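Here is the structure we will look at.
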Amino acid sequence: MISERLVMLVREKGWASLNELQLKSIGIVKRGDNVLITAPTGSGKTEAALLPVLDEMLRTSPEPVSLLYITPMRALINDVFNRIKWWADKLGLTIARKHGEVSQREKNMRNKVKPQILVLTPESLKIDLDWAPRFRENYRSVRWIIIDEVHEIAGNKRGAQLSLLLERLRKLFSIDPQIIALSATIGSPEEVLELISGSSSRRRTVLTYNGTRKSSILVEYLDTSRFTGDEYWAKVAWKVLGEIEPVTIVFVQSRYAAERLFKELSSLGLEEIAVHHSSVSGEIKEDIEDKMRKGYVKAVITTRTLELGIDIGYIKKVVVVGSPATALSLAQKVGRSGHREGEESRGVVIATSVAELLESVAAAENMLEGIIEPQKLIPCPLDIIAREALGMALSGVEVTPEILASLARDSKVCRDFDEEQARRLLDFLSSRKLMKRGDKGYRLSSGFFKIWSFGRDKKWWSRDFSEFFTVISEREVFQVRHGENTIGELDSQFVYRYLRVGDTVRLAGRSWRVIDIDDNSKKISVAPAPRETSEIPVWRGLAQSVSNEVLIGVINVLRRGVSKENILLSEEARSIIEKAREEWMRINGDEAESKVWVHEKGDSQVIITFMGQRINEALGLLLLSALSRVTTSISLKVTPYAVMVKPKIDLGEVFGRFSCFNELKRELLRVVDRHPLYVSVLNELRYSLGAIGDKSDEEKEFVKSEASRQLLHQYMDIDGLWVMINSLRKGEIELRKLESEPPSFITEELSSTLELKPWYRDLSGALQKLLKGWAFTVEEISEALLLPARTIEHKLKEMRKPGSKARVTKFIDTETGEARWCLMDDLPGLASDGDFRESFTPLDNKQPFQLKIKADSDDAYMEFVFTPSLSVISEIINKVPFDEIYELQVQPLVNGIYRNLSPRYYFVKKSIAPYLVLNGVAYLQKIKGLE
DNA sequence: GACCTGCTGCGGGTTG
């Protein structure tokens, strides 16, 4: 099947023969189909794709560049480059590699010695298509494209980007290169193949190869519920220590956990172990990988970094600490072990809670059954399409709506993208000055280089030009500071979702009270706080969410017990599962039909749905919107099993409000921009669409609706929620009250989940808009904006200070005695003829009062005596030698019992001071009258 | 103290 020359080389490599996968793939690849080969790591995939292509290349000695080998990771490029180079050198083929860390010198060589084979990242391909006019011409002769580790990008925005790039390549040179994609076991191979095939006219073939390798999974339970801090880690370390058989990979869920466990294992006397995660330098990582190949280490503690890509030699065993959450992630981790033909992959999962235990068993069952989660791509991500439009313009093309629409459609990134939508996108980019109309279409405009800047005339919001080519956004963190000292960093998603001013958070081994959160500078100021029970533990609540497939598996385990034979359970794990099953059966009995249970306790309500994270997230958003009409203090927790909400709400009534899907969707869209994750989604879009700079406050409807759409798609399942509501309405699912306690693992899971809190992006802008022309109490504002009162009050106090963009002030509503806030500039209007006139009108203007004023908190008061009329007061105030008053106080001249009630006003501009003095007098006279 | 992935081209000039 392949030429003699290659066969000789296979022998020279020392291989007895090609393996089953390689033999199978040669025939299929030679047919010229677009192929997706799914096979476990270490089964010789690279050669399976490469050999038939090399064979063809030998026959035709094609022009440079004829083979593109694309992989999503730099480390993998270096690895693959060296492997292919061995063949290329022997066969007299030219080869080059390209990624961000390849030296300029090596990159420059490409134009001198043209490579027939080019190994590169999707981002480097984009650079060539957008920005390398000279080298780009070589792509004309591309005949094969191998895409390695395609499962790493098919489900995310990099996948959409690559799909668009491949389509651009086809259209640019009217070519139809053969696509050969390589992937680990995935859930939706056909769709992935379709996405990268785009408009190619070649036949599609999926080649699935499971090999002879079997897996066995041991699930263990470690009860950590009574332990915290050092004790917790000591317990985990002991457990892990007992599992290590060289070489073992131990997967944990955070870099911190990796370092902490390493320390603990070392102190237990374990030597020859290492830590591997993204913050470890590349050099050290390579050294560790080398030691693994040589068997010089006993164990490596790692995050996901060792799940990806390169060859790490023979691994005896894999240990996973915590819930694997998806069968895909478990399969990829366990697949790292037992690379010898015919040998088992051995995985041990250590669950640290009952829910984790159930999820681990379910994930293991799914994995062994081959139930792997499908890749879920956001359909039609406008930000990614915009980047391709800009990229084409950067390459000198005038982009027309026709070109853009057919590119998006043919690439399958956006199947129903029409010219009208394309025109709207291009018009929006033009309105943001990234593009402008040319003779035939849209060209690049100077605004593009203001965002993606070369360093000259850089604005504070500018990004480096090179960042234009990647869709991976920088990990955003808030810096936590106590005075001048930096305490640590917190992930922005964590902050948006769970942290508010006034909360107590645990960080760097102590408790801190949050004093201020500045969204612009991404800084949080804190002060030491006494230990409280209500503090927020940073490490909880943000783990990867449990997939629906695993959730269904959990329900099966609860109904039927553990069914697979190759899942081993420790005695303890088995009895814990039995206990959980008993509790489950106690409330559900043997009845097959689904129910939604509602359990009330005190002022809170637990809704047990078992419908998964995404439906429950949507339900949470719906409850947030419903409750916001009733109250201002809402507490909400979301898990895949249940939603907890405070205060209680009549669910039947809430669900009854919607008679069709569109009504439900409209309601959710109304409140979605207050969802804490909205900010992160929006931030990701803003740069691609140019929605930044001065006008960022008034987000254009265009950007807002795209951000809402992506948020709903990514984190919530509103179709699923509608199915649930509709089934409840039709009586197919029962809404039943649960009188007894819910199963304890559900309560346990809820208690370790953090409260979700609404977030307002640009809160001062929202307050400014709301307050315009009127005056509200904090309670009223908090209700209107769905935010806790203390957050509002904090912001308003900040906004009254000089220098604030929209200054506010507060006065007393004499009718109710409540404080009302308004825009400082609105005060004269409200005082003279608004509904609040009474609050600024003294009942008696003969009675003398005393006025006390100071410019700063340390200053002494200036004191004046006056009788209340606007002109008299203004005259007095004008004697004050400063424009900004720090504190202003009005007192009755005669001592009385209400002397202590003298109203005080802070941060007052001199021009509005007379009105506040009148307000103080009116208030004092009112309560005097009440005496 | 969630995790992971990526990131100018081209040609002319100077220096050893």
Side-chain angles (χ1 to χ4, degrees), chain A residues 70-77 98-102 104 107-112 120-136 149 151-159 161-162 229 232-233 251-261 276-280 282 285 302-309 321-326 329 332-333 391 394-395 449 452-455 463-475 477-478 480 487-495 497-498 505-510 512 536-545 754:
Chain A
I70 300 174
T71 110
M73 273 108 44
R74 295 186 297 232
L76 198 56
I77 287 182
K98 188 186 183 219
H99 60 67
E101 277 178 2
V102 168
Q104 199 53 54
K107 281 185 206 162
N108 289 344
M109 278 299 287
R110 293 196 311 168
N111 274 321
K112 301 203 176 78
L120 77 180
T121 56
E123 287 77 10
S124 288
L125 173 61
K126 180 166 172 64
I127 292 168
D128 283 350
L129 292 191
D130 291 354
W131 184 241
R134 187 164 159 192
F135 190 79
R136 180 165 56 227
E149 305 275 333
H151 59 276
E152 277 301 321
I153 57 168
N156 57 46
K157 286 184 173 178
R158 281 180 92 189
Q161 184 186 41
L162 177 60
Y232 171 86
W233 289 108
F251 285 103
V252 293
Q253 308 208 358
S254 71
R255 287 171 288 187
Y256 174 79
E259 297 287 351
R260 191 69 183 72
L261 191 56
H276 192 282
H277 55 66
S278 67
S279 303
V280 173
K285 272 191 280 195
T302 181
T303 57
R304 271 195 64 213
T305 41
L306 275 183
E307 196 177 302
L308 311 168
V321 181
S323 171
T326 68
S329 131
Q332 256 155 44
K333 288 179 174 119
L394 183 60
S395 77
F449 294 103
W452 313 103
S453 154
F454 284 96
R463 292 196 172 177
D464 194 84
F465 175 70
S466 62
E467 286 181 65
F468 170 67
F469 304 101
T470 174
V471 294
I472 300 169
S473 40
E474 290 292 323
R475 201 169 71 98
V477 291
F478 278 81
V480 182
I487 311 297
E489 285 178 342
L490 290 174
D491 197 276
S492 70
Q493 289 216 7
F494 175 86
V495 175
R497 220 169 144 90
Y498 302 115
V505 68
R506 190 150 182 86
L507 193 67
R510 316 194 31 168
W512 305 94
I536 297 175
V538 166
W539 65 92
R540 279 201 177 140
L542 267 179
Q544 194 196 352
S545 67
L754 298 180

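As a basis for the values below, the full set of heavy atoms in this structure was taken, side chains included, without hydrogen atoms, waters or symmetry mates. Chain A is the first sequence line, chain B the second, and so forth, proteins listed ahead of strands; every chain is numbered from 1. These numbers come from a predicted model, not from an experiment.
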Between [X] ([atom1]) and [N] ([atom2]), how many Å, whole number?
X	N	atom1	atom2	answer
Glu307(A)	dC3(B)	CD	C1'	9 Å
Gln253(A)	dC4(B)	CD	P	12 Å
Arg255(A)	dT5(B)	CZ	C1'	13 Å
Lys285(A)	dC4(B)	NZ	P	8 Å
Arg497(A)	dA2(B)	CZ	C1'	12 Å
Glu259(A)	dA2(B)	CD	P	14 Å

Is there a donor-acceptor contact under 3.5 Å from the side chain of [X] to the main chain of [Y]?
X	Y	value
Glu149(A)	Met73(A)	no
Asn111(A)	Lys107(A)	no
Arg158(A)	Pro72(A)	yes
Thr303(A)	Ser254(A)	no

Side-chain donor-acceptor distances from residues 125-132 of chain A under 3.5 Å, at least two apart:
from      : atom 1 : to        : atom 2 : distance (Å)
Lys126(A) : NZ     : Asp130(A) : OD2    : 2.8
Lys126(A) : NZ     : Arg387(A) : O      : 3.2
Lys126(A) : NZ     : Glu388(A) : OE1    : 3.2
Lys126(A) : NZ     : Glu388(A) : OE2    : 3.3
Asp128(A) : OD1    : Lys98(A)  : NZ     : 2.9
Asp128(A) : OD1    : Arg110(A) : NH2    : 3.1
Asp128(A) : OD2    : Arg110(A) : NH1    : 3.0
Asp128(A) : OD2    : Tyr139(A) : OH     : 2.7
Asp130(A) : OD1    : Arg168(A) : NH1    : 2.8
Asp130(A) : OD1    : Arg168(A) : NH2    : 2.8

Between Ser278(A) and Ile487(A), which residue's closest nucleotide on DNA chain B lies nearer the 5′ terminus?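 Of the two residues, Ile487(A) wins.
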Qualifying residues under side chain to side chain contact (heavy atoms under 4.5 Å, CB included), relative to Thr71(A), sequence neighbours excluded: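 For Thr71(A) the side chain to side chain contact (heavy atoms under 4.5 Å, CB included) partners, ignoring immediate neighbours, are Tyr69(A), Leu76(A), Ile77(A), Asp148(A).
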Base, backbone or nothing for each nucleotide of nucleotides 6-16 of chain B, written B, S, -, heavy atoms under 4.0 angstrom, 5' to 3'? BBBSSS-----
